[in-house]
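Treat the numbers as computed from the prediction; the structure is a model and nothing was measured.
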Amino acid sequence: MITVQTKINASLEKVWKFWTKPEHIKNWAFASPEWHAPAAENDLNVGGKFSTTMAAKDGSMSFDFGGEYTLVKQHEAISYIMDDGRSAEITFKETPDGIEIIESFDPETQNPEEMQRGGWQAILDNFKNYVEEN
């Protein structure tokens, strides 16, 4: 698995809300300023499905990132199976330095692992910035 992580200066309740609510997901679920997330749906329950549309702002490319939840422990952990069969897990932990998020995922086979790590880390960094600025 590939792992990315960050620490966020915010309450655990705020971090969880911004991570799980579609109205917030649309504001951070993309890797660079040239992209955006025009649509997001999230049924945050075991067996529930989620989908986020990630699109280039110039309209040249878009894709849906989605899957089904296999574990939801409020304010603690989320696991899911992506639509392509890969798995991912996220943990949320209060520390003296802020909320630590650790996200691990199975790599896909089309792109180098470093590129995948960089993309997922960029999205996590976007999330950190969004939470801390709002």
Identified side chain to side chain contact (heavy atoms under 4.5 Å, CB included) counterpart of Ile102 within the set Val4, Thr91, Leu124, Thr6 | Thr91
Shared ILVMFWY cluster between Val72 and Leu12, side chains joined below 4.5 angstrom?
-> yes
Taking a hydrophobic cluster as the set of Ile, Leu, Val, Met, Phe, Trp and Tyr residues connected by side-chain heavy atoms closer than 4.5 Å, whether directly or through intermediates, do Met61 and Ile123 fall within one such cluster?
-> yes
Output the distance between atom [atom1] ([X]) and atom [atom2] ([Y]), rounded to the nearest 0.5 Å.
| X | Y | atom1 | atom2 | answer |
| --- | --- | --- | --- | --- |
| Glu13 | Gln74 | CD | CD | 8.5 Å |
| Phe105 | Thr3 | CZ | OG1 | 8.0 Å |
| Lys26 | Lys21 | NZ | NZ | 14.0 Å |
| Ile8 | Glu100 | CD1 | CD | 10.5 Å |
| Ile25 | Phe50 | CD1 | CZ | 9.0 Å |

According to the interplanar angle, ranging from 0 to 90°, do the rings of His24 and Tyr130 count as parallel (below 30°), tilted (30 to 60°) or perpendicular (above 60°)?
-> tilted
Is it true that atom [atom1] of [X] has more than 12 heavy atoms of other residues, nucleotides or ligands lying nearer than 6.0 Å?
| X | atom1 | answer |
| --- | --- | --- |
| Asn9 | CG | no |
| Lys17 | NZ | no |
| Met1 | CE | yes |
| Gln110 | CD | no |

Derivation and outcome, side-chain contact (heavy atoms from CB on, under 4.5 Å), residues Ile99 and Trp19 | CA-CA 12 Å; Ile99 305 305; Trp19 188 272; over 6 Å; no
Does [X] use its side chain to pair, donor to acceptor, with the backbone of [Y] at less than 3.5 Å?
| X | Y | answer |
| --- | --- | --- |
| Glu113 | Pro107 | no |
| Asp106 | Ser87 | yes |
| Gln121 | Gln5 | yes |

Output yes when Lys128 and Glu132 qualify as a salt bridge under the 4.0 Å nitrogen-oxygen rule, no when they do not.
-> yes
How would you list, by chain and number, every residue that makes a side-chain hydrogen bond (donor to acceptor under 3.5 Å, both in side chains) with Glu76, sequence neighbours excluded?
-> none
Residue pairs involving residues 39-57 (criterion side-chain hydrogen bond (donor to acceptor under 3.5 Å, both in side chains); sequence neighbours excluded) = Asn42-Tyr69, Asp43-Asn45, Lys49-Glu68, Thr53-Asp64
Would you say the side chains of Ser60 and Asp58 form a donor-acceptor pair under 3.5 Å?
-> yes
Is the centre of the Phe18 ring less than 6.0 Å from the centre of the Trp28 ring?
-> no
